[in-house]
Each structure stands twice: as structure tokens, then as C-alpha cells.
Amino acid sequence: MTPERPEPIRFDPATADTRWQQVWDEHQSFRADVTSAKPRSYVLEMFPYPSGRIHIGHVRNYTMGDVLARYKRMRGFEVLHPMGWDAFGMPAENAAMEKGVHPGGWTRSNIANMKAQLKRLGFALDWSRELATCEPEYYGQEQALFLDLYAAGLVYRRESTVNWDPVDMTVLANEQVIDGRGWRSGALVEKRKLNQWFLKITDFADELLEGLSTLDKWPEKVRTMQENWIGKSQGLQFRFKPVAPLEEDIAVYSTRPDTLFGASFVAIAADHPIAQAMAKDTPEAGDFIAKCKQGGTTAAELETAEKLGFDTGLKVVHPLDETWQLPVYIANFVLMDYGTGAVFGCPAHDQRDIDFARKYGLPVTRVVADGGKTNPVFEGGEAYTGPGRLVNSRFLDGLDVPAAKAAVIAQAEAEGWGEGKTVWRLRDWGVSRQRYWGTPIPFIHCEVCGVVPVPKKHLPVVLPEDVTFDVPGNPLDRHPLWKHVDCPQCGHAARRETDTLDTFVDSSWYFLRFASQPDDRPFDPEAIKRWLPVEQYIGGIEHAILHLLYARFWTRALARIGKVEVTEPFASLFTQGMVTHETYERKNPENGQPVFFSPAEVERTAEGAALKADGAPVEIGRVIKMSKSKKNVVDPDEIVAKYGADAIRWFMLSDSPPERDLPWSEAGIEGCWRFVQRLWRLFGQYDAEAIGTDAALARKTHQTVHAVAQDIEALGFNKAVARIYELTAATEKAGPSANRSAAIRALLLLAAPMMPHLAEEAFAVFGEGLVADAAWPEVDPALLVDDEVTVAVQVKGKLRDTLTVAKGTPREELERLALASDKVQRALDGAEVRKVIVVPDRLVNLVA
RNA sequence: GCGGACGUGGCGGAAUGGUAGACGCAGGGGACUUAAAAUCCCUUGAGCUCAGCUCGUGCGGGUUCGAGUCCCGCCGUCCGCACCA
């Protein structure tokens, strides 16, 4: 420390942040060089929808990715860390309808705003690769890929049902249907059938499922969700023969054909043809079917809803015993669109079936032994679904469940009344949207030639700009000119497809386009080979199924048609937690409804919180995800303006593990701001000339550098932050030495990925260029191990004393020292030591 | 209902089966200051007969020399969902 150095002034993010952001821009510091000889690393965060403002959740997401990207650069990697915009979607059309703006103009100005916001946070992004899915350069290439998939037979058309709003004359998304009514018109929504485009994701069900097992760096939770979504089940599909007056067979599918001798009824869906036919001349059946359609459709509602059945009076014959007849029920828990829309019930071994059987007084026969229980009369209301030997099942008796399944399937196939079948829950991906603001589907409908793909040389099919939103319906469909074209095959007047693609298509390949952006094709396969798979993908858990499954599918589809080699696009996935905040509310005295207040309107007091406007208390509600409706939001821009980018970045990384929720607090950000300044003061004490050694601090420094690196690589940012605090405190306390200067320098470099502006400002004094180009500090492995250790001394497992000894002290010596301790002797109280456990360098446990 | 995750001070959270509570926030006391801010120092799981001891990681058992961590059974909270046959 040099005494004459002036008292360091405060670090001023208001000037420093923008200054360094400009320098990085000018140096193109974060531009990924595809020709680099360095090892490559592709770090990607899920790109945002340009809603208009950056949300604090984005800040958390992008800060995590940024720390990793900057760290990887410091470790010598050529890093690809791009950013773009998932720019098509309904909010732009809603804005157009509400505010009379053009979706394109609205979206592009949102992008400009949000880009400026991201820049103010100092993210190390390669902006030269920025893309927006709403631009023809992007969606035109998407159209080309769609045509490739069509040519490969992976795209087809079929009829499918949509939600139709009869007042607005428009198709509604599920989220636009509220309690069965259109969200704008309030009209009762109707089901309508339209010809729609589909992608054959079911062709990939098996490989998408198999592929999950290779994704060992994905959260278990996400893999489980995808596995359940794909939903592979193996079982028997077979037919029950009818008993007059029933005329046709009833086809059923079961994953438990082994329990066929325990069958006591057959249940069909309300939509089943037999049920529909019956409704025509039996009013009671019609009433029951109508009743089935009431109520919610979510799993939780359906699962907990009462099981209802209607006895049709019809009978079918048991396939394994011609003399055995089973009653046919219409049941509210059978779904027409899964399997065959009919099941057989084996109450003893299926909970739903036993609920149903007990309610309607149907037989419940045990066919799988539950331990020693083999009695055919099954007692109680709880089904036995565990393993066991088959009983009361004729030729199956004595077999275990898997063997019995195989035996029944073999019998069915031999006798020709059924066959083993794999059924998937996954359905083909419907990608048609009857909307303007999306990628036009590149097809033309010709009365002569049928559906004709737009020739690639005519791509992109560009959205018309002159559209209006003042009348309901699809603007593309009612545009006076756009859809009228000549057939590319026969030249006759024809009509463009006016459906656009689901925006999930746009996000299914953007990570490929980031790797290279040629004008004449979607991507350069060589660039894909170099950069893909994404080494670390980071985003919200809300995309655990759809986006991630579609992106995996799209990549595999491109691999199948030879466009890419990679099959799994994201080697490692991380799903971050939400940013939460407490809510402030009062009950409206008139109707008892809660009224929410924003954090800006509220002041925390010693007792709780009060409204600034009237000084009276407000209730502090639960800590929940920030949402506009609960008003518990904070604007990242305001935080950056007040505390600077580094403080908010530091907050995003501190305390909470990144996969868990992070509670925002004013006190927390204040603490981060103070730490930024504290580091600044410490950096100001750097003295290149300092001499003398401080072995303990040197050791602590190297241990911290090593540990922080490991923490960052494991995305354990909160732990890395804690270690930086520790080294900071130790360095502050240490007297001047060469090692102290080294510690300060190391701290600066450790902090650089997290607080890059502060780090640049302090590093500038060193005259070594940009910290953005600096290397991670070297670690001396010799300094990672302590030469002195603290050994715990326990008596019967309870801590009684600690010993500070040289590392590697022999067991006998540790035992002798432990027995010599007064505290130990007191705890032993003369008892004889019967056993001694010694864990070298850790503990001695004396058992008396 | 099913699937998954989680449960540790006032709060966020640390802890390869080996000293529970690192680190941060908040609180208490003090220094500096005319004062404030900023900064620095000390302190903070609970209890007791307080140089010490006892209890303590949702609850009840178990395994172990030793359990926050492993096993069994409960309770609670959160997330996801598609009646999956």
C-alpha cells in the first residue's frame, strides 16, 4: 500500500458501465471466430419474446449464461454466445387490435428497446449474429426447411379440430378460451374442423425417448416429464365379440392383459360410436353423454372427479371363455382419443376400476397374489397394483406379471383375436395457425394440381405489410391480392395457403442459425459441425416439454434427411428458478377482493410495511413469482440506473441456488451495491511493488480460484459468490505483501465474469489490456492442500474437543493426543475406551 | 388422483456419512462524525445452575462408532399433468 495514494473515489457505474460497453463493442470482444484454433464452447440462453421490456427473470437467465460465457473465454475457449428474438406470436396481433399499430412495427420497436436494455446489463453477446424470427431472412429459410421435411414425407395435412369463436369469426388458442368462452367476444366457443398441417413427430417417438437416456446433463425432472409426455406403453389390443343385440366388436387396448381373468366390465368413451349410436334412441344415454362433457378437462379435475358410468345393458363375450359375458358401460373416465376409446376393467388391480366397480356393484376378483393373499374375493376399496404371481387365472396361474402378459399376448396372436401393440401418447404436431403474424406456410392450393409446394427459388413467401386488424378474422385470408397466385405447376389461377406456422417451429432451429447465417440456405453444415451441440443451454422450466421436445425433434428430422449430423442439440440443460417478491395487499372493504400495491408504492417498516401515500399499513403477502397482476414487479432498468449493472448481476447470482426461486429484496440489492464499492476500494489498494510473503493468504487465494472455477462450471454461482466474499474479507484483513497484491489481482479476475464493468475499470490501471481478454488465474496445486488441519475429537460420536495438527499426523499420534485432552478425559469420566475410530486429518472418535 | 422436487436460525442458504448453521441479508452493541451518510470493529440457533453443559436440521422409527445426509413410515409445502387403460 502506498500511503500517498489518494482516498479512492466511488466506483461510478453511471459512467463506467456505458464506457466499457462501448469499448467491448469497438473491440468486438465477444464476436465468435469460427476460424479460431481454440476449443469451442457454445453457451446459449433461451431467446426472449420481444414483449417490450426486459423482465427480471431475463436478467437472471442471461446473467447466468453470461458468467459462464465470460468464464469459458477466460479459460481459453472460443465462445459462441449469441442473442436473438422469438419475434412472431399473438401479443403483436393483440397490440395491433388494441392500439392500431402494425405487428411488425410494434415488434421491431420492442426489439430495439430490449436490445438497449440488454446492452446496459453488459452481456458478452455476439451481436453480429443477432436474428429475429419475424424477418424474411430467417423465416424464408424456415420455409425452405419445411419444404425439405415435406419432401421427406414428414409433413402432411389432415382434418383437425380447433376452437372457433363464432362472433369474432376467428380461431382461438387454448389460452384464449376462458371457461368455454372467447376471451374477447365472450361467445360460447365451438369446435370446428379444419384442414391443417402436421409434422410427423410420432415417427420419432422411439428415438426421442431413447435419446433421453443420453442426456445425462439434463435435469432428471425434465427427462421424466418428456418421457411421460412421449408416453410409451406396451400391451395388447384385442376385440370383444358382441352379444346380440350389439352387432359390432369392441376393440380395446390394455397394458395389463395379464389381468384378463379379473375382468368384470367393459367401459367405452362418451364419444365412442356405440355410445353415440345409443344416444340417438335412448334419451338416458344421451343425457349421460352430455353430463360427461361437463366440468373441467384438466387432469387434476378429472382424476378427482367422481367416476360415473351408464349401464348400456349390452354385453360382450370374454375372449378366453365363450360362456363368460361382460357388461358394457359408458364411462366418463375413458378417452376416445387414447388407444381405442374403450377399456376392460379389472377392479382388483386398478384403482380407478375398483372405484367404479364398488360404485356399481360389479365383481372384484383377485388375479395377482398380494404376498400370501390369493383369495379370489377381493376385500376393500384399494386396488393391488404391485408385483406377484397370477392366481385364479386358469392357464396363467403361477406366472409372474410380465410372463403372464407375454402369455396372453401370445395366445391372442395365435388365436387371432388380438395382437401385442406399442401405443404412444405423443401425437403429431399440428403446426397450422390461422393468424397473420407468423411464418407463411409455403404452399399453393390449385384446383387442378392440388396442394403444390412453393418452388424454393420463389422463397421467401413474404408476409404482406398492408394488412388491417379492424375487422375480425385472418388478415392474410382477406387481403385483396396476397393469396391470389398462379399455380407453379400448371400456371392456372390458384390460392396461397393462408395459415402460418406455430411459433414453436421458429424456436426449433434458431440455435442452428446462430452458428452460421448464409443468405442462400438455412445454415452451413460445417459450422453446425463445429459449434453444435450447444454446450450449455439455460432457460425456464416452463419449456421443459414443448419447446425442448420440438427442438429435439426438428434436429433429429434434419439429421434424418442428412442436413445435419448432430441429433441432440443441447448437451447440457439448466432450468433456472424464478425471481420472486413479496406482495403487498389490502382487502377492498366493499367486496373483500385483494387490492395489490407495487414495491415502489410501499415502504418497509420495522413492524411490516406501509403505503407511502397514506402511511397506513399494508399486509405483506406471500413471496411469489413476479407478475403484473400482483404488482410485485421491479423494473431492471430502474435498478440498473440506481445501482449499476454489476450490482444487479451480483444479486442475480447471490444467495439462492440458481435452480431455485430467488426472492428479490431492496435490502439485498443495497448489499450488492455496497459490495461493489467494497471491492472497488480493495482493488484500489493494489500495489505491484509490494514485497514480503503471506503464505496463508496465498493458500487461501489459490484455493478460492480453484473452488470458484469448479462452482462456475457446475453453475453453483451462489457458492462461488460466497467464496469471493471470504477471500475479500481475508484480503482486507491481511497486511501488505506480494501475496496480498496477488490476492487482489486474483479477486479482480474472479469477479470479472460476474461484475465485468467494475473489473474493467480496476484492471485498466494494470495496463494489461481488457479484462475481457484476460486469462483465468493459474492455480498452484501445491497450495491447494493445507499443511495444518483441525481434527475433531468425539466421545461416543459427540464433539468434545478439536486438535490442530500437521496434515498427515499418524493415527497413533492422533489417538494419543485425543486421550491427552482434558475435555475428553472429563467426558470419558473414567470409562474404559473400548474402540477408537480414526479418520486421518478429520476426526478421532472414542467409544467407551 | 398421479409424477417430481423440497422441508436446516428472524430470512436466503452452506455442509464427499465425520466440528450443523460457511457466506449474504436483517437485528443488537460500539468506534469515527457537530450530525448524518459511508466505513470499520464486536455480537446474534435455543435453553440452563453460563470458564461449562444440555437441546437442536418437519414428525416417528431404523442402520452406523458417528445421520441434515442412507433406509422405512408419516406430515407439510411447492411445481407439473395427459383419467395414458
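Convention: sequence-line order gives letters A, B, ...; per-chain numbering from 1.
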Polar atoms only, N or O, under 3.5 Å: list the protein pairs with nucleotides 49-55 of chain B and their distances.
residue, atom, partner, partner atom, Å
B:rU54, OP2, A:Arg800, NH1, 3.3
B:rC55, OP2, A:Lys798, NZ, 2.9

Using whole Å, report how far CD1 of A:Ile541 lies from P of B:rC78.
18 Å
Under 3.5 Å, N/O pairs linking protein and nucleotides 14-20 of chain B:
residue, atom, partner, partner atom, Å
B:rA14, OP1, A:Asn718, ND2, 3.4
B:rA15, OP1, A:Lys719, NZ, 3.0
B:rU16, O4, A:Arg842, NH1, 3.4
B:rG18, O2', A:Arg842, NE, 3.3
B:rG18, N2, A:Gln794, OE1, 3.3
B:rG18, N2, A:Asn845, ND2, 3.4

Side chains of A:Asp428 and A:Thr202, donor plus acceptor under 3.5 Å
yes
Minimum side-chain heavy-atom gap A:Leu208-A:Trp424 below 4.5 Å:
no
Side chain to side chain donor-acceptor pair (under 3.5 Å) against A:Arg816, all qualifying residues, sequence neighbours excluded:
A:Glu813
Where each residue is assigned the nucleotide of RNA chain B containing its nearest heavy atom, which of A:Leu662 and A:Trp229 is assigned the position nearer the 5′ end?
A:Leu662
Where do N or O atoms of nucleotides 44-46 of chain B meet protein N or O atoms at under 3.5 Å, pair by pair?
none

Identify whether any heavy atom of A:Arg834 sits under 4.0 Å from a base atom; if not, whether one sits that close to sugar-phosphate; answer base, sugar-phosphate or nothing.
nothing
For RNA chain B, which residues of residues 219-227 of chain A approach it to below 4.0 angstrom with any heavy atom?
A:Lys221, A:Thr224, A:Met225
Is the side chain of A:Ser264 donor-acceptor paired with the backbone N or O of A:Pro363 at a distance under 3.5 Å, no angle test?
yes
Testing B:rC23, B:rA38, B:rA26 for proximity to the side chain of A:Arg10, the answer is B:rA38
Less than 4.5 Å apart, any side-chain heavy atom of A:Val367 and any of A:Phe378?
no
Taking O4'-C1'-N9-C4 for purines and O4'-C1'-N1-C2 for pyrimidines, is B:rG9 syn (within 90° of 0) or anti?
syn
Under the side chain to side chain donor-acceptor pair (under 3.5 Å) definition, can you give me all pairs with a residue in residues 837-848 of chain A, not counting sequence neighbours?
none
Secondary structure of RNA chain B per the Watson-Crick/G-U criterion (both distances under 3.5 Å; [ ] crossing, | other strand, . unpaired) is (((((((..(((.....[....))).(((((.......))))).((((...))))..(((((..]....))))))))))))....
Considering only nitrogen or oxygen atoms on both sides, find all protein atoms under 3.5 Å from nucleotides 28-31 of chain B and state each distance.
none

Please identify each residue that fulfils side chain to side chain donor-acceptor pair (under 3.5 Å) with A:Lys359, with sequence neighbours left out.
A:Glu306
With A:Arg223 via side chain to side chain donor-acceptor pair (under 3.5 Å) - residues at least two apart
A:Glu220
Looking at B:rA26, I'd like to know if its phosphate oxygens (OP1 or OP2) sit under 4.0 Å from a side-chain N or O belonging to A:Arg674.
yes
Specify the glycosidic conformation (syn or anti) of B:rC6, with syn defined as within 90° of 0.
anti
Could you state the atom-to-atom distance from NZ of A:Lys796 to C1' of B:rG66 in whole Å?
13 Å
Contacts of A:Asp350 that satisfy side chain to side chain donor-acceptor pair (under 3.5 Å) - sequence neighbours left out
none
Suppose the criterion is side chain to side chain donor-acceptor pair (under 3.5 Å): which pairs have a residue in residues 791-803 of chain A, not counting sequence neighbours?
A:Asp801-A:Ser821
